Chemist: 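After the C-alpha cells below, expect a handful of questions from me.
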Protein chains: 2
Amino acid sequence: MMKATIYDVAKAAGVSIATVSLVINGKGKISEERRNEIKQIMMQMGYKPSMIASALTGKKTYALGLLVPDISNPFFAEIARAVEDEGQRHGYSVFICSTDNKDEKVERYAELLQQKNVDGVIIGTGLKDLSVLDPLLKANIPVTLLARELPSVEVPSVVVDDYKGGSAAAEHLIMLGHRNLAVLAEQDSISSSRERVRGFRATAEQAGLPLDPAFVLSTSIKEAKAKASELFQSGNRPTAIFCCNDLLAIGALQAAKELGVRIPEECSIVGFDDTVLASVTDPPLTTIAQPIEQLGQTALQLLVRQIGKPGESPERVVLPPSLTIRKSTAMRASI
Amino acid sequence: MMKATIYDVAKAAGVSIATVSLVINGKGKISEERRNEIKQIMMQMGYKPSMIASALTGKKTYALGLLVPDISNPFFAEIARAVEDEGQRHGYSVFICSTDNKDEKVERYAELLQQKNVDGVIIGTGLKDLSVLDPLLKANIPVTLLARELPSVEVPSVVVDDYKGGSAAAEHLIMLGHRNLAVLAEQDSISSSRERVRGFRATAEQAGLPLDPAFVLSTSIKEAKAKASELFQSGNRPTAIFCCNDLLAIGALQAAKELGVRIPEECSIVGFDDTVLASVTDPPLTTIAQPIEQLGQTALQLLVRQIGKPGESPERVVLPPSLTIRKSTAMRASI
DNA sequence: CTGAAAGCGCTTACAG
DNA sequence: CTGAAAGCGCTTACAG
C-alpha cells in the first residue's frame, strides 16, 4: 500500500490540493465545515504530510544538528537529552554528531548537515579552526554555541562561567588548607578548559599559591589515569587536584586506587560537570556542577530564536556553575 | 549569497542538469573529460547536492531513527554512539528519540519519523503495544529491534542472551555461597528484564533455591533505591541482590550506604549492562556485561541490509553476555 | 555520449 | 472561499 499523498486527500475530499495544503497549515480562509471535513478525511486515510516535500518548497526541515565531542560521554548525553526534549517542544528533531573533537569530523558533519538542509545547528564541540564551520555559515544556517567560546564569530551562545567554576574549585581547596595544587586539564584547544584553569590559577595566585607548571597537565580522557599517576608519583606530590571534567577526575581516582593513594585523606580531588558519574564514584566526587539541563534548553531556545529572526544581534547567556561537595575532598592532612 | 543548485553548476559547465546529476551519482556514460571538468566546477562553487531534493525524487533520505528509552542513560548513550559511527560508515545520519518507555512518545516519534521519510528505524525501547509501530510498518519503513523482543513481529533483531545473563548472575552468586537471593527488576513490560529474571530464577531453582516472591521486585530507576531499602529492611534480609541493570544496582548501592549495609560484606550486588558507571561505583560493580558496541553496530547493519533488500527474511542475532567481576560481590559471610 | 521533459509531494502567490 | 499553475532541486526514463 502506497502512502497517501496530498493528491489522494484532495481527490477524496473533492477539492484541490491547494485547499488541502491550506487546511494542513491552518492558513487561508476556509469554511469551518470544509476544514473539518478535510481533517476528517486526512485522519481516516492516515495521511501525514511529507516533511521532506514541504521542506523542498521552502519551508523548514525541522531538523537540527547537535555537534558534541562524544554522545557516549555522560555530560553530552545529558545535554543531548535536554536539547532533544526542548527541541520536541518546538517541533524539531535532532541529529547526533559526535566529533571526537576532530576538525575533520566537524567538517564532515558540517557539510552533511548543510546537505540535509537542517534549520540550525548547536555546536558543543571544540573547534581548532573556525573555517570548519564555513559550509554552515555560507549556507546561512544559524548556529549557536553551547559551552564553547569562539572568538570573532558573532553567534548566540550559552556558556557556564567556566572561570568562576575554576575559581570556586580553588577556593574550596584553599579553604581546606591545601597549598600544593595540581590541575588536570583537557586539550588546550578547548576554551572551556582553558578558562577553568585560568580561574583556578588566578584564585590560587591571589592566595599566594602560584601553580607549578609541572603540575598543570593537559590530557585526554584516555590518558588521564596515566597523567594522574605521574602526579601522584612526583617528588613533591600535590595534596589536591582540580580536574577539568568528571571523567578526568575518575581517571585520577583510578590512578589513586591503583597506587594506594587514599582519597580524600592523602589527596583531594575536584571534578567538573556533575554528571551522573560524580555521584556514583568511589568516593563520590566533589565537583563543580554545570546546569546541564538548562544549558541544553537554552541553547535550543537561542537557536530557535535565531531561526525565527536571523537578523537579531546574537545573545550570549552565561549560566552560573555551583560547587557540589561530596566525599573526594577533605582538609589537608597535617603532616 | 544563495546556495548553488544543480542549475548553477549546469550553467557554469555549459551542460544540462541531467548531465550534472549523472556525474554526481557516478552514473551514465560521460566522457572522463567532461566528468572531471564538471567535478571541478562543483568543487569551485562549493556545490553539494541537496539531500532533501534527491530524497523527494525517490531516493533515500539517509536518515535513520533511533528509539531508546533515554539517551542520557549511559547504556543507551553508548549504544547511540555505536549506531552513529556505524551509520556514518554506511552514509546514514541518526535522529535521537528518547521515549521514556512511554507508548505515547513512541507513537509520536513513529509518526514523526515517518513524516521525515527516514529510511529505517532501530527500536531499542520498550513497547507495550505493537500498534504504536503501525505508522512505520504501514509506510513500509524497515525496522530492526535492538535488545528487545517483539512477539509476532517479523523483523530483524539483535539481542543479548538475557536469559543466559540472568543465569550467569545466579551461578556467580550461588557459587559464592548465597542462598537468600533477591531481584530488582525493571517494569514487567520490558521483555529483556523478564528474561533476565527468568534465567536467574531457573538457575536458582535448579540449585534448590526458589525465589521468594516478595524478594522479586519490579521497579523504575527512580524508585530503585526505595525498593532496595525495603529489601534491606525486611525481616529475612537477602544476602545477594541481582539487579536487572546497572542503574538499578546503583540505587541498591545507595540504599545500602544510607542504611549502613556494607557491600559486599553484608550483601552482594550484581548489575547488568556494564556501562561506564559500573567501573566507577563504590564499590565497583560486578555486573553482566553486554557487548554494547557490537549491539549497536549489528543493529545498524541489520537495518541497512533490510533497507537494501526488503524482501529478505529477518535475521535474528544473539550476542552472548559475560560476567564481569568487580568488588560488589563476595562470599556469603558465615553467620 | 548528452539533453528535454516529466515527476517526486508539497507551498505560495495569483486569479476569480 | 477555492482552484490552476509555477516552482522547490533533484532523478530518471526516453530520445537522439
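Chain letters run A, B, ... following the sequence lines, proteins first and then strands; every chain starts at 1. Since the structure is predicted, the reported quantities are computational estimates derived from the model, not experimental observations. Side chains included, hydrogens not; waters and symmetry mates left out as well; all remaining heavy atoms used.
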Chemist: Ignoring hydrogens and angles, does a donor from either the side chain of B/Thr57 or the base of D/dC10 sit under 3.5 Å from an acceptor on the other?
Modeler: yes
Chemist: Indicate, with a heavy-atom threshold strictly under 4.0 Å, whether B/Ser21 touches base, sugar-phosphate, or nothing.
Modeler: base
Chemist: Side chains of A/Ser189 and A/Asn101: donor-acceptor distance under 3.5 Å anywhere?
Modeler: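 No pair is found: no donor N or O on one side chain lies under 3.5 Å from an acceptor on the other.
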Chemist: Specify the residue among A/Ala18 and B/Ala53 whose closest nucleotide of DNA chain C lies further upstream toward the 5′ end.
Modeler: B/Ala53
Chemist: Is any side-chain nitrogen or oxygen of B/Ser16 closer than 4.0 Å to OP1 or OP2 of C/dT2?
Modeler: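 Checking B/Ser16 against C/dT2: no side-chain N or O falls below 4.0 Å of OP1 or OP2.
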Chemist: Please check if the side chain of A/Ser157 supplies one atom and the backbone of A/Leu145 the other of a donor-acceptor pair under 3.5 Å.
Modeler: no
Chemist: Over all strands shown, is B/Ile52 touching base, sugar-phosphate only, or nothing at heavy-atom distances under 4.0 angstrom?
Modeler: nothing
Chemist: In whole angstrom, what separates B/Ile6's CD1 from D/dG7's C1'?
Modeler: 16 Å
Chemist: Could you tell me the Watson-Crick or G-U partner of C/dA4, where both distances fall under 3.5 Å? Say none if there is no partner.
Modeler: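 Per the H-bond distance test, none.
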Chemist: At less than 3.5 Å, do the side-chain atoms of B/Tyr7 and the base atoms of D/dC8 form a donor-acceptor pair?
Modeler: no
Chemist: Nearest nucleotide by nearest heavy atom, which residue falls closer to the 5' end of DNA chain C, B/Leu56 or B/Leu22?
Modeler: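 Taking each residue's closest nucleotide, the earlier one in sequence belongs to B/Leu22.
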Chemist: Would you please name every residue forming a ring pair (Phe, Tyr, Trp, His ring centres under 6.0 Å) with A/Tyr62, sequence neighbours left out?
Modeler: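 Partners of A/Tyr62 by the ring pair (Phe, Tyr, Trp, His ring centres under 6.0 Å) criterion, ordered by chain and then number, come out as A/Tyr92.
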Chemist: Counting only side-chain nitrogens and oxygens, does A/Lys27 get under 4.0 Å of the OP1 or OP2 atom of C/dT11?
Modeler: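 The answer is no; no side-chain N or O of A/Lys27 sits under 4.0 Å from OP1 or OP2.
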Chemist: From NZ of B/Lys116 over to C1' of C/dC10, roughly how many Å is that when rounded to an integer?
Modeler: 15 Å
Chemist: Between D/dG9 atom C1' and B/Lys11 atom NZ, what is the distance in whole Å?
Modeler: 14 Å
Chemist: Under a 3.5 Å distance rule, please check whether A/Glu107 uses its side chain to pair with a backbone N or O of A/Leu133 as donor and acceptor.
Modeler: no
Chemist: Which nucleotide, in any strand shown, forms a Watson-Crick or G-U wobble pair with D/dA13, with both distances under 3.5 Å?
Modeler: none
Chemist: Starting at CD of B/Glu33 and ending at C1' of C/dT2, how long is that distance when rounded to a whole Å?
Modeler: 15 Å
Chemist: For the pair made of CD in B/Glu37 and P in C/dT2, what is the distance, rounded to whole Å?
Modeler: 10 Å
Chemist: Please report the distance, rounded to the nearest Å, between CG in B/Asn117 and C1' in C/dC10.
Modeler: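 My rounded result for the distance is 12 Å.
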Chemist: Provide, to the nearest angstrom, the distance between the CD atom belonging to B/Gln115 and the P atom belonging to C/dG9.
Modeler: 15 Å
Chemist: May I ask you to decide whether B/Asp100 forms a salt bridge with B/Lys105, counting only side-chain N to carboxylate O separations under 4.0 Å?
Modeler: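 Counted as a salt bridge, because a side-chain N and a carboxylate O are separated by less than 4.0 Å.
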Chemist: Quickly work out the B/Ile24 CD1 to D/dT12 P distance and round it to whole Å.
Modeler: 11 Å
Chemist: Which one, D/dC10, D/dG3, C/dG3, comes nearest to the side chain of B/Val15?
Modeler: C/dG3
Chemist: Would you indicate what B/Thr5 reaches in the nucleic acid, counting non-hydrogen atoms under 4.0 angstrom: base, sugar-phosphate, or nothing?
Modeler: sugar-phosphate
